[in-house]
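Order of listing sets the numbers, starting from 1, for every ligand and every atom in it. Owing to the predicted nature of the structure, the values given are computational and were not obtained by experimental measurement.
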Amino acid sequence: MSETLIFEKKGAVAYITLNRPKLYNSFNREMAFAVIAALEDCAKDEAIRAIALTGAGRAFCAGQDLQEAMADNGITFKHILNEHYNPIIKLIRQIEKPIVALVNGVAAGAGANIAFACDLTLAKASASFTQAFSKIGLVPDSAGSFFLPRLVGMQRATALTMLSEKISAEEAQQMGLIYKVASDEEFDAAADKLVQKLAKMPTKGLGMTKRALNASLSNDLETQLALEAELQIEAGQSYDYNEGVNAFLEKRKPVFKGK
Ligand code: T3D
């Protein structure tokens with residue numbers, strides 16, 4: 001694994017920490033490949049039942065490393081989009097386990113959109129978000145143009161992407177861009193509580209919930225109802241469904257296995 005990433009597994013939780021703090025954890029090619037490898041590892045590892053993505057130091061992620069983007073290294077926009085950001089976003093949406101963005105500081109450009117693509121985004125009160133792309137003549141990538149209108153509506157998505165104003169974590173929560181804000185003092189504990197809780201839940205059911213939510217972004221009602229029926233039949237055959245119902249009837253806490 002690369003020095004640009006800290007990848008740790010603690011029990012059923014995998015922590016992926018972007019680790020270029022001096023450059024606000026902006027993405028170079030090495031870090032992008034390390035993130036992809038870590039996500040692929042998490043997808044395969046049955047012991048991992050929740051994934052946390054965060055940043056080292058003061059920032060979450062400032063998007064593309066603009067020094068590397070301008071370097072004469074043969075790496076073009078095509079490489080950066082097709083080999084870095086698009087695979088990361090696809091993995092985040094395809095991995096059938098909860099992925100939580102723990103936004104510890106500023107999130108800009110692709111860094112912001114990666115946070116919005118995660119299943120749940122918890123931000124520190126002092127964190128902030130900016131699309132940033134329009135300030136340097138670019139267009140939103142990393143699925144910003146896909147998720148933003150769906151999360152906050154067309155007008156606000158237009159304002160966010162065209163004006164690139166920095167918004168606070170509180171504003172992001174009020175707009176529906178992120179799940180929750182925790183005070184700076186309580187952030188670490190709140191993050192821990194959230195990922196630990198998710199890691200003990202019925203992972204298979206959560207994974208299929210994710211599949212249903214992904215599909216709802218393009219399905220019509222009829223198709224979505226059919227998919228829900230199909231997934232519910234599968235969920236109803238799981239170990240965790242049996243355990244959940246028995247625990248309820250026996251008035252005890254369920255012990256889910258994620259299967
Ligand atoms: O090839 C392509 O570009 C295609 C891919 C596009 C995907 C994208 O993500 S495009 C968008 C790229 N990101 C940006 O445009 C954001 C640039 N950064 C900023 O606007 C600001 O740094 C922040 C709003 C993120 C934070 O502002 P502030 O005032 O808190 O911090 P700062 O002083 O600007 O930055 C701190 C350090 O991080 C600084 O280094 P220094 O001066 O202390 O040595 C700064 O240069 C460095 N840094 C921040 N962002 C980047 C960066 N270095 C390289 N690339 C960055 N994106």
Side-chain angles (χ1 to χ4, degrees), residues 2-6 16-36 39 53-93 99 101-118 121 123-149 151-152 157-173 175 177-178 181 184 187:
S2 147
E3 276 184 4
T4 60
L5 199 79
I6 303 167
I16 300 174
T17 305
L18 309 176
N19 189 36
R20 303 181 77 222
K22 285 187 186 153
L23 296 174
Y24 274 24
N25 302 317
S26 55
F27 269 93
N28 63 1
R29 191 163 171 82
E30 186 181 334
M31 190 171 88
F33 286 154
V35 171
I36 292 167
L39 287 170
L53 178 63
T54 192
R58 294 176 55 206
F60 174 71
C61 174
Q64 177 61 30
D65 179 334
L66 295 175
Q67 280 171 13
E68 186 172 279
M70 293 304 281
D72 187 13
N73 54 12
I75 309 299
T76 64
F77 278 92
K78 213 169 173 178
H79 295 108
I80 291 173
L81 274 291
N82 293 338
E83 296 173 14
H84 303 180
Y85 298 118
N86 292 359
I88 290 172
I89 297 296
K90 284 189 205 168
L91 279 164
I92 288 173
R93 294 311 318 157
I99 304 184
L102 300 174
V103 180
N104 53 304
V106 66
N113 290 338
I114 286 171
F116 302 143
C118 289
T121 302
K124 222 180 215 185
S126 60
S128 56
F129 298 86
T130 171
Q131 282 298 299
F133 303 94
S134 67
K135 288 195 173 169
I136 53 171
L138 292 182
V139 300
D141 62 23
S142 305
S145 63
F146 183 83
F147 286 114
L148 291 176
L151 288 169
V152 299
T158 305
L160 289 169
T161 50
M162 286 195 177
L163 302 175
S164 286
E165 288 167 348
K166 209 191 250 188
I167 60 165
S168 67
E170 191 62 44
E171 286 173 291
Q173 186 195 0
M175 276 187 205
L177 268 173
I178 65 169
V181 181
D184 287 15
F187 178 74

Output yes when a side-chain donor or acceptor of [X] lies under 3.5 Å from a complementary backbone atom of [Y], and no otherwise.
| X | Y | result |
| --- | --- | --- |
| Asn104 | Gly55 | yes |
| Ser142 | Ile114 | no |
| Ser2 | Thr4 | yes |
| Thr54 | Leu102 | yes |
| Asn25 | Arg20 | yes |
| Gln64 | Gly109 | no |
| Arg93 | Ala117 | yes |

Please report which non-hydrogen protein atom sits nearest to [atom], along with the residue it belongs to and the distance in Å to one decimal place.
| atom | result |
| --- | --- |
| atom 55 (N) of ligand 1 | Leu66 N, 3.0 Å |
| atom 57 (N) of ligand 1 | Gln64 O, 2.8 Å |
| atom 7 (C) of ligand 1 | Asp141 OD2, 3.2 Å |
| atom 47 (C) of ligand 1 | Leu23 CA, 4.1 Å |
| atom 13 (N) of ligand 1 | Ala62 O, 2.9 Å |
| atom 23 (C) of ligand 1 | Val106 CG2, 4.5 Å |
| atom 26 (C) of ligand 1 | Tyr24 CE2, 3.7 Å |
| atom 29 (O) of ligand 1 | Lys166 NZ, 5.0 Å |

Which of the atoms in ligand 1, numbered in the order shown and given with their element, are less than 4.0 Å from a heavy-atom of [X]?
| X | value |
| --- | --- |
| Ser26 | 54 (C), 55 (N), 56 (C), 57 (N) |
| Ala69 | 1 (O), 3 (O) |
| Gly63 | 9 (O) |
| Phe133 | 7 (C), 8 (C), 9 (O), 10 (S) |

May I ask whether [atom] is less than 4.0 Å from at least one protein heavy atom?
| atom | answer |
| --- | --- |
| atom 31 (O) of ligand 1 | yes |
| atom 10 (S) of ligand 1 | yes |
| atom 16 (C) of ligand 1 | yes |
| atom 42 (O) of ligand 1 | no |
| atom 34 (O) of ligand 1 | no |
| atom 20 (O) of ligand 1 | no |

- prompt: According to the side chain to side chain donor-acceptor pair (under 3.5 Å) rule, which pairs have a member within residues 123-133, sequence neighbours left out?
  reply: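 Qualifying pairs: Asn113-Gln131, Ser126-Asp184.
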
- request: Taking ring pair (Phe, Tyr, Trp, His ring centres under 6.0 Å) as the test, write out the residues that go with Phe33, two or more places apart.
  value: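 Applying ring pair (Phe, Tyr, Trp, His ring centres under 6.0 Å) to Phe33 gives His84.
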
Shortest non-hydrogen separation from Phe129 to Ala112 and the atoms involved: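 Taking every non-hydrogen atom into account, CD2-CB, 4.4 Å.
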
message: For Gln173 versus Val181, what's the shortest heavy-atom pair and its separation?
response: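 Closest heavy-atom pair between Gln173 and Val181: OE1-CG2, 3.4 Å.
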
Please classify the [X] to ligand 1 contact at 4.0 Å (heavy-atom distances, strictly less than): side chain, backbone, both or neither.
| X | result |
| --- | --- |
| Ile80 | side chain |
| Lys22 | backbone |
| Phe77 | side chain |
| Ala110 | both |

task: Report yes if some heavy atom in the side chain of Leu23 is under 4.5 Å from a heavy atom in the side chain of Asn28; otherwise report no.
output: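 SC-SC contact between Leu23 and Asn28 ruled out.
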
- prompt: Taking side chain as C-beta onward, heavy atoms only, is Leu5 less than 4.5 Å from Leu18?
  reply: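 SC-SC contact between Leu5 and Leu18 confirmed.
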
